[in-house]
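To keep things clear, I will list the structure first and then write my remarks on it.
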Amino acid sequence: MTRRQLIGIWRWDGYDRWIHLHADGLAVSEVITPAAGSVQQEATLEFVSAKYWRLRLPIEPRPDVPSLKDGAIEVIDYRIVASARDHTTCTKADFEFPFEYTRLSPDV
């Protein structure tokens with residue numbers, strides 16, 4: 001899979017969670033909850049290889065937590081597990097139990 005083929009909207013199968021990957025390297029992680037509605041967090045996309053990519057999510061500074069007083073970056077690795085012309089699936093690479101995301105739209 002190429003970086004260009006990653007671009008689009010990915011949905012966590014069975015949940016109201018999406019990742020929007022844009023051609024410029026920016027991304028948005030979105031969760032829909034009954035209480036808060038749509039909660040979005042900006043992120044960046046890093047293409048690693050034909051089978052792996054990373055999502056980098058900034059963590060706001062938290063002065064009350066010593067390790068987060070200056071903020072941080074959460075890095076989540078994803079692995080492509082299946083790819084066909086009209087269907088691509090990936091999973092979080094470092095999780096014991098796979099959470100699969102399916103690309104819904106190739107255009108953002």
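Treat the numbers as computed from the prediction; the structure is a model and nothing was measured. We use all heavy atoms of the structure for the numbers below, so side chains are in, but hydrogens, waters and symmetry mates are not.
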Side chain to side chain contact (heavy atoms under 4.5 Å, CB included), that's the test. Do I32 and W18 meet it? Break it down for me.
CA-CA 9 Å; I32 306 230; W18 290 267; 3.3 Å; yes
Fill in: R11 bridged to D16 by N-O distance under 4.0 Å
yes
Any non-hydrogen side-chain atom of P61 less than 4.5 Å from a side-chain atom of D70? no
Closest non-hydrogen contact found for D24 with R3 is C-NH2, 4.1 Å
*Is the shortest side-chain N to carboxylate O distance from R56 to E46 below 4.0 Å?*
yes
*Note, T88 side chain near M1 side chain (heavy atom, < 4.5 Å)*: yes
Original post:
Heavy-atom distance under 4.5 Å between the side chains of E42 and L26, does that happen here?
Top reply: no
To the nearest 0.5 Å, atom SG of C90 lies from atom NZ of K51 at 11.5 Å
- Task: Using modelled atom types only, decide if a donor and an acceptor are shared between the side chain of Q41 and the backbone of P58 within a distance under 3.5 Å.
- Result: yes
Is there a continuous path of hydrophobic side-chain contacts, each under 4.5 Å between heavy atoms, that joins L6 to Y52? no
**Report entry** Within-4.5 Å side-chain heavy-atom neighbours: L68 and I59
**Finding:** yes
Next on the checklist: As a quick check of understanding, evaluate side chain to side chain contact (heavy atoms under 4.5 Å, CB included) for T44 and R54, giving each step before the final call.
Outcome noted: CA-CA 8 Å; T44 56; R54 290 189 180 116; over 6 Å; no
Margin query: Testing the 3.5 Å rule here: is there a donor-acceptor pair between the side chains of E100 and T91?
Written below: no
In short, A27 meets L55 closest at the heavy-atom pair CB-CD1, 3.7 Å
Rounded to the nearest 0.5 angstrom, the CD-CD1 distance for E30 and I19 is 11.0 Å
Between W53 and the options Y78, Y101, F47, the ring pair (Phe, Tyr, Trp, His ring centres under 6.0 Å) test singles out Y78
Exercise. Any side-chain heavy atom of L21 within less than 4.5 Å of one from W10?
Worked result: yes
| query | Within the side chain of R103, is there an N or O that forms a donor-acceptor pair under 3.5 Å with the backbone of Q5? | reply | yes
* To do: Indicate if L57 and W12 have the same hydrophobic cluster label, given that clusters are the connected sets of ILVMFWY residues with side-chain heavy-atom separations under 4.5 angstrom.
  => yes
